[in-house]
Number of protein chains: 2
Amino acid sequence: MGTNMKETINDVSIDLFYEKGYFATSVSEIAKRCGIQKASIYYYYSSKEHILYNIHKTTLDDLTDYLKQGVAAADDVEAQLRNAVRNHVHFHLTRQKETFIANSELRGLTEDHYQNIVAKRDEYERMVQQIISNGCKQAIFAKEDVKILSYAILTLCTSGAIWFKPNGRLSVDDIAGIYEKFVIRGLKDGGGVKIFSQTPASEP
Amino acid sequence: MGTNMKETINDVSIDLFYEKGYFATSVSEIAKRCGIQKASIYYYYSSKEHILYNIHKTTLDDLTDYLKQGVAAADDVEAQLRNAVRNHVHFHLTRQKETFIANSELRGLTEDHYQNIVAKRDEYERMVQQIISNGCKQAIFAKEDVKILSYAILTLCTSGAIWFKPNGRLSVDDIAGIYEKFVIRGLKDGGGVKIFSQTPASEP
DNA sequence: GTCTATAGGAGGATAGAC
DNA sequence: GTCTATCCTCCTATAGAC
């Protein structure tokens, strides 16, 4: 819980939006859990949507900073991607509720705020795509469609936010390690791995 | 559009839940797009939640049938997983709206319906995990945590439902092929691929 | 089957006192 | 800053006519 009421509203909203979803959460519920009346919420935020926007913005800005930090700490392309994957997973598992909201509650935003957030997200994706693209040029990674793979990799790493349990069988670092290996293997054209050993599945 | 009103309600609801989300969609809107009054909706469904449940159930049952069909058509473990991946991707891209809803609107279900759907989903996941697990036992795939990888693989293949555009640059088969390769490479311990060539990223 | 009418409640947001 | 009181809109669902 935050030390002042605005932080408390943020924390409570993150909990509720995560548990029930943005539309299913009412301002009264947020107020109740904060121990104030719903009218008092409007002293801090002019609308429920502004609370949501604030969560999106903070989460995405922090995630982007974390990616930049990881990339800057690496010398070559492979290390950059390893760090990008590790940091992406790490962020999504340690700030699970916020990232879950950021990934699932875009439709609650006003048009302006939506455009703003999507632009930030695109920028983040482009940075990751640039790393993969460099790896392909340097023949470190197999030549494939970079955009499609970047979506796949990011979604894969994001998915932990859905099922991860902080006190479960595996630690955040364990999972980050598993995904790092899987992604690097998937991108490299490992010597001797036959790519089509079988006729493709029938497609009705 | 369906040929009778019940099918029309289903189709319209899928469109609206996909566009705006379940909670943000009202029964009046569904009725309006169907060309009837909202009261008439209740002649076909006893509640809005029943419409949602029907979408979940149909989608998940069809997906499970499609997986079984793909697995049955394969001789060895690797082919089974290739077919599982292809079929999963194929289904999610061709029935994009329904799978998007099935993956994002679980919270709209009543407790009973929720349990019912989650049980079906778990059964589907177990079938995929069984294939991966068999592959590990037969040393076709590298030994790793099967559950974590299965989540990763399924989420990755599901992700297409979010961004895929039917008339875009790549066809459904193109994308299924890219993901099939990526997943099989990621699971195999390709000869000569160094797994830790670099110190891991710093983790604050 | 589809309609009109309405019950009955909950929602977001504001006004103005303290 | 926080409260009480209230506005107005929209919602899901039902009743009963045609």
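Letters A, B, ... mirror the listed sequences (proteins, then strands); counts begin at 1.
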Can you confirm if the aromatic rings of B/Tyr114 and B/His56 lie within a centre distance of less than 6.0 Å?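 When the ring centroids of B/His56 and B/Tyr114 are compared, they turn out to be at least 6.0 Å apart.
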
Would you compute the distance between atom OH of B/Tyr124 and atom CD of B/Gln129 and round it to the nearest 0.5 angstrom?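 Answer rounded to 0.5 Å: 11.5 Å.
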
Distance, rounded to the nearest Å, where [X] contributes [atom1] and [N] contributes [atom2]:
{"X": "A/His50", "N": "C/dT14", "atom1": "NE2", "atom2": "P", "value": "11 Å"}
{"X": "A/Ile41", "N": "C/dT14", "atom1": "CD1", "atom2": "P", "value": "14 Å"}
{"X": "A/Lys20", "N": "C/dG11", "atom1": "NZ", "atom2": "P", "value": "8 Å"}
{"X": "A/Ile30", "N": "C/dG12", "atom1": "CD1", "atom2": "C1'", "value": "11 Å"}
{"X": "B/Gln37", "N": "D/dC18", "atom1": "CD", "atom2": "C1'", "value": "14 Å"}
{"X": "B/Ile9", "N": "C/dT2", "atom1": "CD1", "atom2": "C1'", "value": "11 Å"}
{"X": "B/Tyr43", "N": "D/dA17", "atom1": "OH", "atom2": "P", "value": "18 Å"}
{"X": "A/Tyr44", "N": "D/dC3", "atom1": "OH", "atom2": "C1'", "value": "13 Å"}

Could you go through nucleotides 7-12 of chain D and list every protein N or O atom that sits under 3.5 Å from one of its N or O atoms, giving the distance for each pair?
residue	atom	partner	partner atom	Å
D/dC11	OP1	B/Ser26	OG	3.2
D/dT12	OP1	B/Lys48	NZ	3.0
D/dT12	OP2	B/Val27	N	2.9
D/dT12	O4	B/Lys38	NZ	3.2

Under the criterion salt bridge (Lys or Arg N to Asp or Glu O under 4.0 Å), I'd like the reasoning laid out for A/Glu98 against A/Arg95: C-alpha separation, chi angles, the key distance, then a yes or no. CA-CA 6 Å; A/Glu98 289 157 276; A/Arg95 293 177 64 172; 2.9 Å; yes

Cation-pi, A/Tyr42 ring and A/Lys48 (6.0 angstrom, 45 degrees):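 No.
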
For the residue pair A/Lys6 and A/Tyr43, would you count it as a cation-pi contact if the rule is NZ or CZ under 6.0 angstrom from the ring centre and within 45 degrees of the ring axis?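 Verdict for A/Tyr43: no cation-pi partner in A/Lys6.
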
Between A/Lys57 and A/Asp61, does the salt bridge (Lys or Arg N to Asp or Glu O under 4.0 Å) criterion hold? Intermediate values first, please. CA-CA 6 Å; A/Lys57 191 178 168 323; A/Asp61 285 345; 3.0 Å; yes

